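This one's a predicted model, so the numbers in the text were calculated from it and none came from an experiment. A, B, ... follow the sequence lines: proteins, then strands. Residue 1 opens every chain.
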Amino acid sequence: MSERYNAADVEPRWQKVWKEADIYRADDKSDKPKFYALEMFPYPSGRIHMGHVRNYAMGDVVARYKKAQGFEVLHPMGWDSFGMPAENAAIDIGGHPKDWTYGNIEAMKEPLSRLGFALDWSREFATSDEAYYKQQQYIFLKFWENDLVYRKTAKVNWDPVDNTVLANEQVIDGKGWRSGAVVEQRDMDQWFFKITKYAEELLEGLDTLERWPEKVKTMQANWIGRSEGLQMKFEFDGISHTKAVEILNNAQTSDDKNVIEAIQTTAANKAAVPENQKAVQIFTTRPDTLFGASFIALSPDHPLTLSLSKSDSKVENFRINCAKIGTTEEAIATADKLGFDTGLKVKHPFTGETLPVWIANFVLMGYGTGAIFGCPAHDQRDLDFARKYGLDVTPVVLPDGEDASTYKIGNEAYTSEGTLFNSDFLNGLNKDEGISAAIAKIEEMGLGKGVTNYRLRDWGVSRQRYWGCPIPVIHCGDCGVVSVPEADLPVALPYDINFDKPGNPLDRHPTFKDVECPKCGSPARRETDTLDTFADSSWYFARFAGGNTDDRPFDKKIASDWLPVDQYVGGIEHAVLHLLYSRFFTRGLRDCGLLDLPSGEPFAGLFTQGMVTHATFMNIHGDYVLPDGVVEYEKGATGISYLSDYGAGLIHAQIEGLADNKFRSNYLKQVNQTGKYLCEIESLIRPIGEKDPRKYTPVLQGDVIKMSKSKKNVVDPNDIIEGYGADVARWFVLSDSPPERDVEWTEAGVIGAWRFANKVWALVSETPKLNPMSVASRASGDALELRRFAHKAMAKITSGIESFRFNTSVAQIYELTNALKKYKANDEAKAEALGMLIRAIAPFMPHLSEECWAHLGGEDLCYHAPWPVIDESLLVEDTVTLPLQVNGKRRGEMTVPVDISKEEAEKLALADPAVIRTIDGLTVRKVIVVPGRIINIVAS
RNA sequence: GCGGGCGUGGUGGAAUUGGUAGACACGCAAGACUUAAAAUCUUGUUCCUGUAUAGGAGUGCCGGUUCAAUUCCGGCCGCCCGCACCA
């Protein structure tokens with residue numbers, strides 16, 4: 001019975017058993033404590049990759065472990081199936097996005113099933129299913145009713161060739177990623193989710209997420225970007241003031257009014273913005289430096305700038321110049337400071353001095369009020385600007401140790417803390433005191449008030465795309481924007497579309513657009529934009545929990561019972577977008593009365609796993625080479641080698657003859673370092689007169705990077721499953737590397753995992769039938785030793801799983817396996833240890849453990865077996881080996897009873913021969929005894 | 001620029017309340033079995049000196065606290081990630 005472990009036979013057999021017994025179905029009505037395990041669901045690209053394997057293997061470990069711990073586990077799976085790739089495929093290779101998508105789902109489901117994950121497939125859905133997006137449309141309308149959705153004109157990236165809006169990620173160096181056309185900024189009507197309504201709650205909620213990575217919380221906090229400061233007005237001075245009012249009143253178009261209105265209605269700004277426009281509103285986080293103000297700067301997109309440009313062509317030209325700089329981050333970061341003096345003046349509220357009003361390219365319209373006061377001495381940007389245009393630089397913060405009479409600002413602004421000076425009533429205060437005092441004074445003068453500002457903007461969700469959830473509204477000439485009645489949902493995507501022309505096919509569909517107004521019955525136009533696909537993934541976890549309802553997004557009670565997700569696992573790339581949008585959605589659902597989740601937090605525990613990486617290889621032509629095509633042989637090519645001496649000679653000849661010096665020197669360096677020649681067998685055609693039929697080409701090893709098709713460093717999970725089995729693939733991606741870090745896929749590593757699977761099987765198959773649930777409570781001698789070892793290992797395996805350090809659990813499983821081979825214990829103790837081992841392996845390699853369980857004669861399925869109970873008394877030894885240190889250096893060790901007294905231990909330590917030898921001639925000053933840990937003798 | 005993280009053998013990594021640094025695995029070396037290879041098994045493997053007993057050095061670098069530092073503190077150096085003209 002000691003034949004090799006045959007995964008190809010074992011794995012499908014158990015998968016069939018599991019499926020027929022329907023063991024992974026979660027029971028909504030269970031009395032057991034619940035546990036919701038979830039991994040970020042996949043986009044159906046058509047193939048599973050190693051990243052999926054790692055992600056789902058981690059979630060599966062948790063799900064299976066929690067099941068064994070007695071929890072009712074919900075572990076569902078589905079498809080995030082709307083999105084651009086389907087449309088692009090239809091454009092590039094023809095066909096229909098729907099067919100492409102659902103074909104891919106079919107193609108992926110089978111290999112995913114072969115990995116043997118404990119998934120409740122009864123809850124499966126795809127976000128492109130009509131039943132799903134119908135409910136999403138319902139949610140959209142509920143959000144609209146509850147003031148969480150609105151419509152406004154906003155700037156978008158417009159690709160003039162493809163006639164579509166592009167997401168920021170799709171704009172590369174200012175050009176459309178597909179067309180290569182220069183992207184325009186265009187104003188368009190867009191739908192927005194009012195995520196800023198929850199800015200504060202989303203920020204505060206982060207503190208309650210104890211089982212989230214600090215990194216993700218920090219990123220979200222930065223993204224929300226709360227800053228406290230002062231919003232205040234600078235009143236226009238003299239004639240300029242009148243002129244400004246005149247400009248505003250006369251030159252304003254309705255568009256300008258909209259912008260001004262939009263600013264005024266921003267929640268944070270609302271209270272502080274006055275009704276009239278006789279002043280410029282600015283926002284600052286450093287009101288303590290107000291006495292250092294030397295100018296006011298407006299954004300090129302500020303309403304005042306816009307109205308000025310209508311009557312002044314120089315302003316208009318300046319705006320055009322600013323727009324030319326481009327949209328790339330690099331261009332923005334390195335752009336010169338550009339300014340334009342409007343000639344307007346404002347009055348400083350404290351000093352009464354007049355300050356010039358400039359337009360500056362570095363002031364953003366999207367943050368604060370789109371206008372600032374410039375304090376060059378204590379802000380680097382302001383300083384650069386002031387130096388360029390000859391504006392005053394007045395220091396008002398004195399660094400410690402500097403003299404007020406001699407302190408000067410050079411080309412570096414002083415941005416750290418210090419004592420305020422040159423500042424009248426603020427003199428002598430520190431930064432925080434100065435901020436409070438300045439705010440109090442401005443408030444007292446009625447010129448402004450302390451406010452909180454957020455960097456977070458509302459979420460624009462309109463996409464001019466076909467393959468997404470249609471936005472369920474109708475535009476009527478008389479009634480305006482009207483929602484589609486609930487009874488008419490879903491607004492279904494028509495199938496008969498074509499991609500002959502660029503742009504959104506819904507927009508030119510013969511009938512989709514033409515509808516009657518649900519209110520007045522007159523001819524109206526259906527919205528043809530679809531929702532950002534991030535909306536789809538913002539509530540799917542709730543549908544999994546309380547789904548299968550057609551009248552509501554999910555059953556409120558059932559979904560609320562399962563939520564929050566206890567353990568969510570996915571990639572760090574979603575740290576902000578998906579994870580923030582979901583936190584917004586659950587709050588929205590809660591406040592619309594659809595979900596009973598007071599905290600609003602969808603994911604109680606989050607784990608972000610690292611990527612699967614692989615070495616890259618490149619040949620002399622500069623092409624990436626598939627790892628499969630790369631062979632290596634030893635330097636010298638004698639004995640162990642894939643190549644004959646003849647082949648080696650060929651490589652040498654090729655290298656010497658290479659024209660590319662850089663490649664040749666790199667290759668020779670590689671050979672020197674590794675002692676190996678890497679090459680590719682380029683063809684199997686025998687050149688005339690050659691003995692070896694193969695043609696070898698030298699290959700350079702490149703960086704170890706994330707698996708990617710274009711870099712050709714991918715390993716297909718299917719190949720690994722066929723060659724070694726699913727368990728081996730799972731085991732490998734969980735061993736060695738800590739889960740949050742990247743793991744490098746190597747052939748050697750896979751073989752190691754495969755060997756281990758065989759080792760376990762060899763151990764089990766040569767063991768006669770026994771009860772894997774047995775407890776050898778009366779063990780002594782070697783048997784007791786084995787028990788101690790097994791229970792200790794089991795404790796470490798358990799804590800490794802609990803704390804997401806699967807690599808340490810794996811190491812302990814190795815140790816337990818080695819111990820089982822080493823200890824000469826009796827059958828009862830062996831049965832206990834082996835039973836523990838099989839159950840410990842089960843979350844990682846469920847097929848192997850099931851096979852072992854059955855072979856040993858375990859009752860029922862291993863999947864149903866409870867997690868081993870650790871006997872705490874076995875974790876404590878009778879004796880302990882203490883290291884003996886002299887002056888902090890280890891000189892020996894001694895084995896003593898664990899409950900030895902400090903005095904006794906000290907006596908024994910000083911009698912140790914190694915200690916005596918070391919302290920010979922020295923005086924013992926002190927002996928430190930840490931019970932059960934160490935003894936350190938201080939001598940001099 | 002701002003924020004976060006990380007530096008440990010040839011390699012991945014252990015050592016999460018300061019207490020034997022290098023668990024476990026890969027690789028490598030030697031041996032056993034074999035006609036041979038593969039597989040498997042055994043032993044060794046941080047570096048330096050040394051036949052050995054043993055001694056010295058050692059967790060990026062410099063310093064500090066401590067009987068004791070990979071761990072705590074201060075200052076450098078290097079790498080990675082996120083955000084980025086956010087007032």
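- Shown here, B/G60 is classed anti by the O4'-C1'-N9-C4 or O4'-C1'-N1-C2 angle, which is more than 90° from 0.
- A/F806 pairs with exactly one of A/P739, A/P843, A/S735, A/S737 by the side-chain contact (heavy atoms from CB on, under 4.5 Å) rule, that one being A/P739.
- The shortest heavy-atom contact between A/K337 and A/Y389 is O-OH, 3.9 Å.
- At a threshold of 4.0 angstrom between heavy atoms, the contacts of A/R226 with the nucleic acid are absent.
- In terms of phosphate contacts, A/N887 brings no side-chain nitrogen or oxygen within less than 4.0 Å of OP1 or OP2 of B/A68.
- Of the candidates A/K388, A/R381, A/Q380, A/Q380 is the only one forming a side chain to side chain donor-acceptor pair (under 3.5 Å) with A/D384.
- Checking the phosphate oxygens (OP1, OP2) of B/U40, a side-chain nitrogen or oxygen of A/R755 falls inside 4.0 Å.
- Between A/V930 and A/I935 there is no side-chain heavy-atom pair separated by less than 4.5 Å.
- Across B/A29 and B/A39, the matching P atoms stand 13 Å from one another, rounded to whole Å.
- Separation of the C1' atoms belonging to B/C81 and B/G31 is 48 Å when rounded to the nearest angstrom.
- Nucleotides B/A21 and B/C26, compared at atom P, are 26 Å apart to the nearest Å.
- No engagement by A/V576 is indicated, since no non-hydrogen atom pair under 4.0 Å with the nucleic acid exists.
- Between A/L606 and A/L209, the closest side-chain pair of non-hydrogen atoms is not below 4.5 Å.
- Closest to the A/S737 side chain, of the nucleotides B/A87, B/G12, B/C85, is B/G12.
- Other residues, nucleotides and ligands place no more than 12 heavy atoms under 6.0 Å from the NZ atom of A/K907.
- Atoms CH2 (A/W745) and C1' (B/G12) sit 15 Å apart, rounded to a whole Å.
- Following rounding to the nearest Å, A/R455 (CZ) and B/C85 (C1') show an atom-to-atom distance of 12 Å.
- For the pair A/R917 CZ and B/A54 P, the interatomic distance rounds to 7 Å; values are reported in whole Å.
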Please tabulate the protein-to-nucleotide N/O contacts below 3.5 Å involving nucleotides 15-21 of chain B, giving atom names and distances.
residue, atom, partner, partner atom, Å
B/A15, OP1, A/R805, NH2, 2.9
B/U17, O4, A/R933, NH2, 3.1
B/U20, O2, A/R890, NE, 2.9
B/U20, O2, A/R890, NH2, 3.4

| query | Which letter, B, S or -, goes with each nucleotide of nucleotides 1-8 of chain B from 5' to 3', with contact meaning a protein heavy atom under 4.0 Å? | reply | --S-----

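- Atom pair A/F756:CZ and B/C26:C1' shows a separation of 15 Å (rounding to whole Å applied).
- Comparing the C1' positions of B/U17 and B/A25 gives a spacing of 28 Å, expressed to the nearest Å.
- Rounded to whole Å, the distance from OH on A/Y5 to P on B/U40 is 17 Å.
- Comparing B/C41, B/G13, B/C67 by their closest approach to the side chain of A/V938 singles out B/C67.
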| task | Kindly determine whether A/H378 and A/V396 satisfy side chain to side chain contact (heavy atoms under 4.5 Å, CB included), including the steps that lead there. | result | CA-CA 8 Å; A/H378 307 294; A/V396 290; 3.7 Å; yes

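- Between A/A371 and A/E744, the residue anchored closer to the 5' end of RNA chain B is A/E744, taking for each the nucleotide with the nearest heavy atom.
- Using a 4.5 Å heavy-atom cutoff, the side chains of A/I435 and A/E228 are not in contact.
- Set against B/C24, B/G12, B/A39, the side chain of A/D736 has B/G12 as its closest nucleotide.
- Under 3.5 Å, the side chains of A/N453 and A/S227 contain no donor-acceptor pair of N or O atoms.
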| task | Determine, step by step, whether A/F732 and A/R730 satisfy the side chain to side chain contact (heavy atoms under 4.5 Å, CB included) criterion, reporting the C-alpha distance in whole Å, the side-chain angles of both residues, the deciding distance to 0.1 Å, and the verdict. | result | CA-CA 5 Å; A/F732 175 69; A/R730 296 169 56 137; over 6 Å; no

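- B/U11 and B/U45 have their C1' atoms separated by 13 Å, given to the nearest Å.
- Taking the six-membered ring for Trp, A/F385 and A/W358 have ring centres closer than 6.0 Å.
- Closest approach to the A/K926 side chain among B/A87, B/C41, B/C67 is made by B/C67 (side chain taken as heavy atoms from C-beta onward).
- The CZ atom of A/F732 sits 13 Å away from the P atom of B/G12 (whole-angstrom rounding).
- Mapping A/G749 and A/S227 onto RNA chain B by nearest heavy atom places A/G749 at the nucleotide closer to the 5' end.
- Comparing B/G58 with B/C6, their P atoms are spaced 24 Å from each other, to the whole Å.
- Contact annotation: the side chain of A/N411 approaches that of A/R387 to within less than 4.5 Å [non-hydrogen atoms, C-beta and beyond].
- Taking the C1' atom of each, B/A37 and B/U43 are spaced 22 Å apart, rounded to whole Å.
- Here A/R286 lies in heavy-atom contact (under 4.0 Å) with sugar-phosphate atoms only.
- Applying the side-chain hydrogen bond (donor to acceptor under 3.5 Å, both in side chains) test to residues at least two apart or on different chains, the pairs with a partner in residues 738-752 of chain A are A/Y724-A/E747.
- Taking all atoms of both residues into account, the shortest heavy-atom contact from A/T305 to A/L298 is OG1-CB, 3.7 Å.
- Considering only side-chain N and O atoms, A/R891 lies nowhere under 4.0 angstrom from the phosphate OP1 or OP2 of B/A54.
- Identified under the side-chain hydrogen bond (donor to acceptor under 3.5 Å, both in side chains) test for residues 800-817 of chain A, with sequence neighbours left out: A/Y65-A/E802, A/W731-A/Y814, A/S803-A/R805.
- At a non-hydrogen distance threshold of 4.0 Å, A/Y814, A/E815, A/N818, A/K821 from residues 813-824 of chain A come into contact with RNA chain B.
- A/D382 places none of its side-chain heavy atoms less than 4.5 Å from the side chain of A/F373.
- Distance, A/D703 CG to B/C79 C1': 13 Å, rounded to whole Å.
- Base-pairing analysis of RNA chain B finds the following stems of at least three consecutive Watson-Crick or G-U pairs, with both pairing distances under 3.5 Å: B:1-7 with B:77-83, B:10-12 with B:24-26, B:27-32 with B:40-45, B:46-49 with B:54-57, B:60-64 with B:72-76.
- Aromatic ring pairs are classed by plane angle as parallel below 30°, tilted from 30° to 60° and perpendicular above 60°; the pair A/F318 and A/F340 is tilted.
- A distance of about 35 Å separates the C1' atoms of B/A57 and B/G4, rounded to the whole Å.
- Note: CG (A/L230) to P (B/A87) measures 14 Å, nearest angstrom.
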